[in-house]
Amino acid sequence: MMMRGAVLTILGLVWLAGAEILWEKHEERFRFCSWKCMKFVQMWPGSFCVALGPRFDCIIPESADSWTIHGLWPSNIMNCCSCWHLFPSDLMELPQQLARHWPTFLNTSSFTFWRAEWQKHGTCAGCTEALSSPSKYFGAALALRTMYNIDGAFQRAGIIPSCNHSYQLNTLREALVPVMGKEQELQCVTDRQARQVLVQLKVSLFSNFSAGCLEEGTQDFSPYRPCRNQTRVFYFPLNQKNPRDPCP
Ligand SMILES: *[C@@H]1O[C@H](CO)[C@@H](O)[C@H](O)[C@H]1NC(C)=O
Ligand SMILES: *[C@@H]1O[C@H](CO)[C@@H](O)[C@H](O)[C@H]1NC(C)=O
Ligand SMILES: *[C@@H]1O[C@H](CO)[C@@H](O)[C@H](O)[C@H]1NC(C)=O
Ligand SMILES: *[C@@H]1O[C@H](CO)[C@@H](O)[C@H](O)[C@H]1NC(C)=O
């Protein structure tokens with residue numbers, strides 16, 4: 001009788017522990033799914049290395065001849081789950097497209113970059129059904145690159161990379177409005193000659209991928225600064241031979 005009581009108690013505790021884990025998982029899910037907006041971030045290979053610290057090797061592959069993906073970042077949240085590892089086989093159908101449109105410019109494998117992005121941001125995106133697996137997450141980013149096509153928007157407005165011509169910030173902004181609305185965020189770096197150089201562009205999206213999601217107090221961990229409209233903006237051409245100083 002005592003035996004049976006003990007077994008029942010243990011079973012009960014196991015059940016309770018199980019319920020608690022489920023409940024914690026629910027809480028976690030709730031916390032991680034609290035984001036409303038996400039940033040789709042693209043970078044310009046022509047100026048990525050301009051402000052890169054000397055301890056990093058900088059390599060711009062020949063195939064990177066257009067704006068590339070930096071990441072898809074749910075706002076104000078990071079590193080949601082260290083247990084969800086990314087493996088190359090998770091991206092089975094995508095590596096060629098990813099290698100072309102989401103390359104790394106550091107001397108590491110692209111997979112290392114993708115894994116870091118997945119760990120930091122992708123694991124937080126999974127509470128949206130359209131992003132609920134690595135292949136969906138990376139596939140969505142590729143689709144967003146086509147949808148929010150910076151190369152096309154600039155070309156249509158006659159904005160071309162150049163060492164000897166700079167642009168008003170407003171000219172760049174207006175060129176982007178037809179593609180991504182008014183809420184784009186242009187980021188710049190300053191080169192050795194104190195020129196303001198366009199390097200990265202963010203557009204804030206709702207979880208249904210529409211642009212224009214606004215959120216207060218968004219944290220920004222990026223080393224780049226918003227481009228200032230008092231100074232003209234350079235859009236440097238690609239220079240694979242001298243990526244740190246493309247326009248000497
Ligand atoms: C990349 O790293 C490898 C191994 O660490 C090194 O041999 C090579 O010189 C590096 N390439 C560049 C361009 O820095
Ligand atoms: C301006 O720079 C481009 C390359 O960015 C070059 O092809 C062109 O010849 C330059 N024009 C002048 C007037 O220097
Ligand atoms: C996307 O979601 C936002 C906010 O919920 C909504 O205003 C917008 O109409 C949606 N867009 C589409 C295309 O469904
Ligand atoms: C720069 O931005 C400020 C407000 O942010 C605006 O009042 C001003 O007209 C802008 N200047 C130019 C040259 O666009």
Side-chain angles (χ1 to χ4, degrees), residues 39-73 95-122 138 141-142 144-146 148-155 159-167 169 172-173 175-176 179-180 184-203 220-228 231-248:
K39 297 259 164 99
F40 180 55
V41 186
Q42 299 182 74
M43 55 191 177
W44 177 240
S47 44
F48 174 81
C49 306
V50 166
L52 191 70
R55 67 195 171 96
F56 298 104
D57 293 330
C58 182
I59 302 168
I60 305 296
E62 290 289 334
S63 60
D65 57 357
S66 53
W67 282 76
T68 60
I69 301 168
H70 186 172
L72 179 60
W73 306 341
Q96 276 177 350
Q97 278 171 286
L98 287 177
R100 179 157 163 70
H101 298 305
W102 199 334
T104 182
F105 302 133
L106 305 180
N107 196 1
T108 57
S109 77
S110 284
F111 185 76
T112 305
F113 179 31
W114 304 334
R115 192 175 48 200
E117 286 292 312
W118 169 255
Q119 176 54 43
K120 205 159 157 191
H121 305 287
F138 287 94
L142 288 169
L144 286 170
R145 191 188 160 279
T146 308
Y148 297 110
N149 182 331
I150 302 170
D151 302 280
F154 279 171
Q155 270 157 29
I159 293 167
I160 48 165
S162 171
C163 286
N164 44 35
H165 181 75
S166 59
Y167 295 92
L169 181 56
L172 301 179
R173 281 192 182 291
L176 295 166
V179 173
M180 46 189 81
Q184 349 94 6
E185 218 177 304
L186 285 85
Q187 296 187 309
C188 283
V189 291
T190 305
D191 82 343
R192 283 145 45 128
Q193 298 178 42
R195 290 173 291 194
Q196 174 170 241
V197 183
L198 179 63
V199 66
Q200 183 160 268
L201 205 155
K202 298 180 179 180
V203 56
D220 189 348
F221 301 96
S222 148
Y224 304 137
R225 292 290 145 252
C227 302
R228 287 166 292 125
T231 318
R232 290 179 72 89
V233 182
F234 280 86
Y235 180 30
F236 280 172
L238 288 152
N239 183 344
Q240 279 94 353
K241 294 212 172 62
N242 193 5
R244 287 178 191 271
D245 196 9
C247 293

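- Ring pair Trp67/Trp44 is tilted by interplanar angle, where 30° to 60° counts as tilted.
- Closest approach of Ala153 to Ala175, counting heavy atoms only: CB-O, 3.5 Å.
- One distance of note links OG of Ser47 with CD of Gln196; it measures 11.5 Å at 0.5 Å rounding.
- Separation of atoms CZ (Arg228) and CG (Leu169) is listed at 10.5 Å; rounding is to 0.5 Å.
- Side-chain contact between Leu72 and Leu144: present, with at least one pair of heavy atoms (C-beta onward) separated by less than 4.5 Å.
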For the pair Ile59 and Leu106, evaluate side-chain contact (heavy atoms from CB on, under 4.5 Å) and give the outcome as yes or no after the intermediate values.
CA-CA 6 Å; Ile59 302 168; Leu106 305 180; over 6 Å; no
Val41/Ile69 under side-chain contact (heavy atoms from CB on, under 4.5 Å): CA gap, chis, key distance, verdict
CA-CA 6 Å; Val41 186; Ile69 301 168; over 6 Å; no
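- The shortest distance between side-chain heavy atoms of Ile150 and Val179 does not fall below 4.5 Å.
- For the ring-ring contact (aromatic ring centres under 6.0 Å, His included) criterion with Trp102, the lone passing option out of Phe138, Trp118, Phe111 is Phe138.
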Run the side-chain contact (heavy atoms from CB on, under 4.5 Å) check on Thr68 and His101 step by step: do they pass?
CA-CA 5 Å; Thr68 60; His101 298 305; 5.9 Å; no
Walk me through it: do Gln187 and Arg225 pass the test side-chain contact (heavy atoms from CB on, under 4.5 Å)?
CA-CA 5 Å; Gln187 296 187 309; Arg225 292 290 145 252; 5.9 Å; no
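- In this structure, Leu186 and Leu176 have side chains that are in contact, with non-hydrogen atoms separated by less than 4.5 Å.
- Separating the CG atom in Leu238 from the CZ atom in Phe48 is a distance of 13.5 Å, to the nearest 0.5 Å.
- Interatomic distance, CG of Asp65 versus CD of Gln240, reported as 8.5 Å (0.5 Å rounding).
- In this structure the side chain of Asn239 never reaches within 4.5 angstrom of the side chain of Cys247, judged on heavy atoms.
- If you check the side chains of Gln42 and His70, you find no donor sitting under 3.5 Å from an acceptor.
- In this structure, CH2 on Trp73 lies 9.0 Å from NZ on Lys39, to the nearest 0.5 angstrom.
- Atom CD of Gln96 sits in a sparse spot, with 12 or fewer heavy atoms from other residues, nucleotides or ligands closer than 6.0 Å.
- When side chains are defined from C-beta on, Cys163 counts as touching Pro237, because their heavy atoms get closer than 4.5 Å.
- In summary, Asp191 and Arg244 do not engage in a salt bridge, as defined by a charged side-chain N under 4.0 Å from a carboxylate O.
- Contact detail for Pro243 and Cys49: the closest heavy-atom pair is O-CB, 3.4 Å.
- The shortest side-chain heavy-atom distance between Arg232 and His165 falls under the 4.5 Å cut-off.
- To the nearest 0.5 Å, atoms CG (Leu201) and SG (Cys188) are separated by 9.5 Å.
- Taking Asp151 as the reference, Arg145 meet the salt bridge (charged side-chain N to carboxylate O under 4.0 Å, His left out) condition, with sequence neighbours excluded.
- If you look at Phe105 and Phe113, their ring centroids are not closer than 6.0 Å.
- Between Tyr235 and Phe154, the ring planes are perpendicular. Angles over 60° get that label, and only those under 30° would be called parallel.
- Under the 4.5 Å side-chain criterion, counting only non-hydrogen atoms from C-beta, Asp245 is in contact with Pro248.
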